[in-house]
Amino acid sequence: MDTYDLLTRNVDEVVTDEEVREVASDPDGKRVYVGYEPSGVLHLGHLLTANKLIDLQNAGMQVVILLADVHAYLNGKGTFEEIRETAEQMRAQFLAYGLEESQTEFVYGSSYQLEEDYVLDVHELELSTTLNRAQRAMAELQGDETAKVSHVVYPLMQALDIEYLDLDLAVGGMDQRKVHMLMREELPKLGYDARPCLHTPIVADLTTGEGKMSSSTGVTISMEDSMADLEEKVNSAFCPPTRDPEGDLENPVLELFEYHVFPRFERVLVERPDKYGGDLEYDGYEALAADLGSGKLHPADAKGTLASYLDELIAPGREKLREIRDE
RNA sequence: CCGCUCUUAGCUCAGCCUGGUAGAGCAGUCGACUGUAGAUCGACUUGUCCCCCGUUCAAAUCGGGGAGAGCGGACCA
């Protein structure tokens, strides 16, 4: 696979193609980041962007993970002390998941976001960004309550982080695209370069198959799920025996194979009793999805297989979490 | 600071005027049917009615106090 394809596989949006091709032409040592509000337990949403980071590391890039403690604080997630503690757990889980330690830099937002230059630049952005624009950037992310002033400062800081962390590329879910567009528009006004972005898809809700909208209360698979939890959650997932369900629905089981399993495993073995045709083996997503669509692969077998591969992905992080908690 | 409105199930809300210890929809749980899930059918669960005091035989409902949330308070219309 050539470098550009590796950088952009499984992404929903590339901004812009030319700029990312330039990064791909000489990726070695280039800096890419994702920002996360610290959380004690990683879930599949975190792992989806982590998969992309692993791709980028394989291409030789240096990954910067922003442990966005100040952002979490602005979002009402607790005291700095509480946020820090969950951030440390988050770091351990990312490394256990498979990020290469020598190519991963973890940075606390508070280590530079409270300094004078940064703060003055925030104010500069406050001056040039309309309330409406900042609020729209946050709408995907915040959704719920009445906007606080902190909520509109939040995306401005995200834009500045990309400059202050000295990045060549920004990664985020599709829910981050408005923030990134704000970044691309506003940074040049301060004399900084707009950076290219990669946006990962938002996976459909596991139980309903509804995509696009940020799932609020759906079932989430997380780093602390046991094999039994995974089997139960995956088994209850929406999974018609089709690739593309009717309407706006997606097949979340297939999406998990596409975005979580195949990026991490060369081949996938479906163990199946002879009664149903015996084992099947796949070396890529397309073949598996095609078989599910044609009926050759039954959803129940796909689910059992998915649960065990997810278990394998999660096991190291789950173990790490257990150690941390036992201390 | 002043004014208006709101606060009842996980969510959206009805009930309050005309007191009698609470309802709907959605969600959720469990069965049936499918070798998964969904859809469909059948059954079921859920509550400090924001808090305190008072009136009353009896308060979600009436009276007083308090808390939280939302909206509004130049001019124009």
Side-chain angles (χ1 to χ4, degrees), chain A residues 39 41 43-45 48 74-79 131-132 134-136 138-152 154 175 201-222 225-262 265 268-282 285-314:
Chain A
S39 129
V41 180
H43 54 66
L44 285 189
L48 186 63
L74 287 174
N75 210 359
K77 295 295 171 59
T79 66
L131 249 191
N132 192 353
Q135 245 178 309
R136 282 194 299 133
M138 270 306 274
E140 301 276 333
L141 227 163
Q142 241 322 92
D144 58 339
E145 310 273 315
T146 314
K148 302 286 195 300
V149 174
S150 62
H151 291 144
V152 298
Y154 189 113
D175 56 340
I202 301 298
V203 172
D205 182 86
L206 200 57
T207 55
T208 65
E210 288 166 9
K212 278 103 187 156
M213 286 178 284
S214 49
S215 56
S216 45
T217 51
V219 172
T220 45
I221 287 172
S222 82
D225 284 331
S226 66
M227 181 64 193
D229 291 334
L230 292 171
E231 280 173 344
E232 190 183 327
K233 288 179 181 180
V234 170
N235 184 51
S236 67
F238 175 67
C239 185
T242 46
R243 281 192 75 155
D244 293 302
E246 302 192 5
D248 293 333
L249 301 180
E250 303 293 334
N251 186 321
V253 170
L254 282 183
E255 288 190 327
L256 295 191
F257 269 112
E258 182 175 16
Y259 300 121
H260 289 279
V261 177
F262 281 106
F265 295 94
V268 168
L269 178 67
V270 177
E271 296 186 67
R272 203 165 63 161
D274 292 338
K275 171 179 155 192
Y276 294 127
D279 294 356
L280 290 170
E281 194 165 1
Y282 299 98
Y285 168 72
E286 273 307 316
L288 184 146
D291 276 3
L292 186 94
S294 73
K296 188 175 172 193
L297 172 64
H298 192 277
D301 295 319
K303 284 181 172 181
T305 305
L306 177 62
S308 65
Y309 278 89
L310 288 177
D311 183 64
E312 197 170 329
L313 285 172
I314 281 168

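In what follows, chains carry the letters A, B, and so on, assigned in the order in which the sequence lines appear, proteins first and then strands, with residues in each chain numbered from 1. The shown structure was predicted, so the numbers you read here are calculated from the model rather than taken from an experiment.
- Rounded to whole Å, the distance from CG on A:L230 to C1' on B:U36 is 16 Å.
- Base pairing of B:C26: its partner is B:G10, meeting the Watson-Crick or G-U wobble criterion (both donor-acceptor distances under 3.5 Å).
- Remark: B:U21 base-pairs with no nucleotide in the shown strands. Criterion, Watson-Crick or G-U wobble with two distances under 3.5 Å.
- Within the shown strands, B:U5 is the pairing partner of B:A69 under the Watson-Crick or G-U definition, both distances less than 3.5 Å.
- Donor-acceptor pairing under 3.5 Å is lacking for the side chains of A:T242 and A:D244.
- Judged purely by distance below 3.5 Å, without hydrogens or angles, the side chains of A:S226 and A:D229 pair a donor atom with an acceptor atom.
- Each of A:L306, A:L313, A:T305 was checked for a side chain to side chain contact (heavy atoms under 4.5 Å, CB included) with A:Y309, and the lone residue meeting it is A:T305.
- As rounded to the nearest Å, B:C41 and B:G47 have C1' atoms that lie 29 Å from one another.
- Annotation: A:E281, atom CD; neighbour count of heavy atoms from other residues, nucleotides and ligands within 6.0 Å is above 12.
- Of the nucleotides present, none pairs with B:A60 by Watson-Crick or G-U wobble criteria with both distances under 3.5 Å.
- When rounded to the nearest whole Å, the span between CZ of A:F238 and P of B:A39 equals 9 Å.
- Atom NZ of A:K148 and atom C1' of B:A69 are 9 Å apart (whole Å).
- When the P atom of B:U36 is taken as reference, atom CD of A:E271 falls 20 Å away, rounded to whole Å.
- The partner of B:G35 is absent, by the rule that a Watson-Crick or G-U pair needs both atom distances under 3.5 Å.
- Comparing the C1' positions of B:C30 and B:G72 gives a spacing of 50 Å, expressed to the nearest Å.
- Following rounding to the nearest Å, A:E255 (CD) and B:A37 (P) show an atom-to-atom distance of 20 Å.
- If you take atom C1' in B:U7 and the same atom in B:U48, they sit 14 Å apart, rounded to whole Å.
- Atom CD in A:E232 sits roughly 14 Å away from atom C1' in B:U36 (whole-Å rounding).
- Using N1 to N3 plus N6-O4 or O6-N4 for Watson-Crick, or N1-O2 and O6-N3 for G-U wobble, each under 3.5 Å, B:A74 pairs with nothing.
- A:L254 has its CG atom 12 Å from the C1' atom of B:A37, to the nearest Å.
- Between A:L249 and A:E210 there is a side-chain heavy-atom pair separated by less than 4.5 Å.
- Nucleic acid contact class of A:P245 (heavy atoms, under 4.0 Å, all strands): none.
- At a threshold of 4.5 Å between non-hydrogen side-chain atoms, the residues A:Y285 and A:V268 do not count as touching.
- Nucleotides B:C71 and B:G65 are separated by 25 Å at their P atoms, to the nearest Å.
- B:C49 and B:G31 are spaced 32 Å apart, taking the P atom of each and rounding to whole Å.
- B:G63 and B:G19 have their C1' atoms separated by 13 Å, given to the nearest Å.
- Between B:G10 and B:C51, the distance separating the two P atoms is 14 Å to the nearest Å.
- Residue A:L249 contributes atom CG, which lies 13 Å from atom P of B:G38 at whole-angstrom precision.
- No option in A:E250, A:E255, A:E286 other than A:E286 meets the salt bridge (Lys or Arg N to Asp or Glu O under 4.0 Å) test with A:R243.
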Using the 3.5 Å cut-off, write out each protein N or O paired with an N or O of nucleotides 32-34 of chain B and the distance between them.
none

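- Here the separation of B:A22 from B:U8, taken at their C1' atoms, is 8 Å to the nearest Å.
- Under a 3.5 Å cut-off, the side chain of A:N235 and the backbone N or O of A:K303 do not form any donor-acceptor pair.
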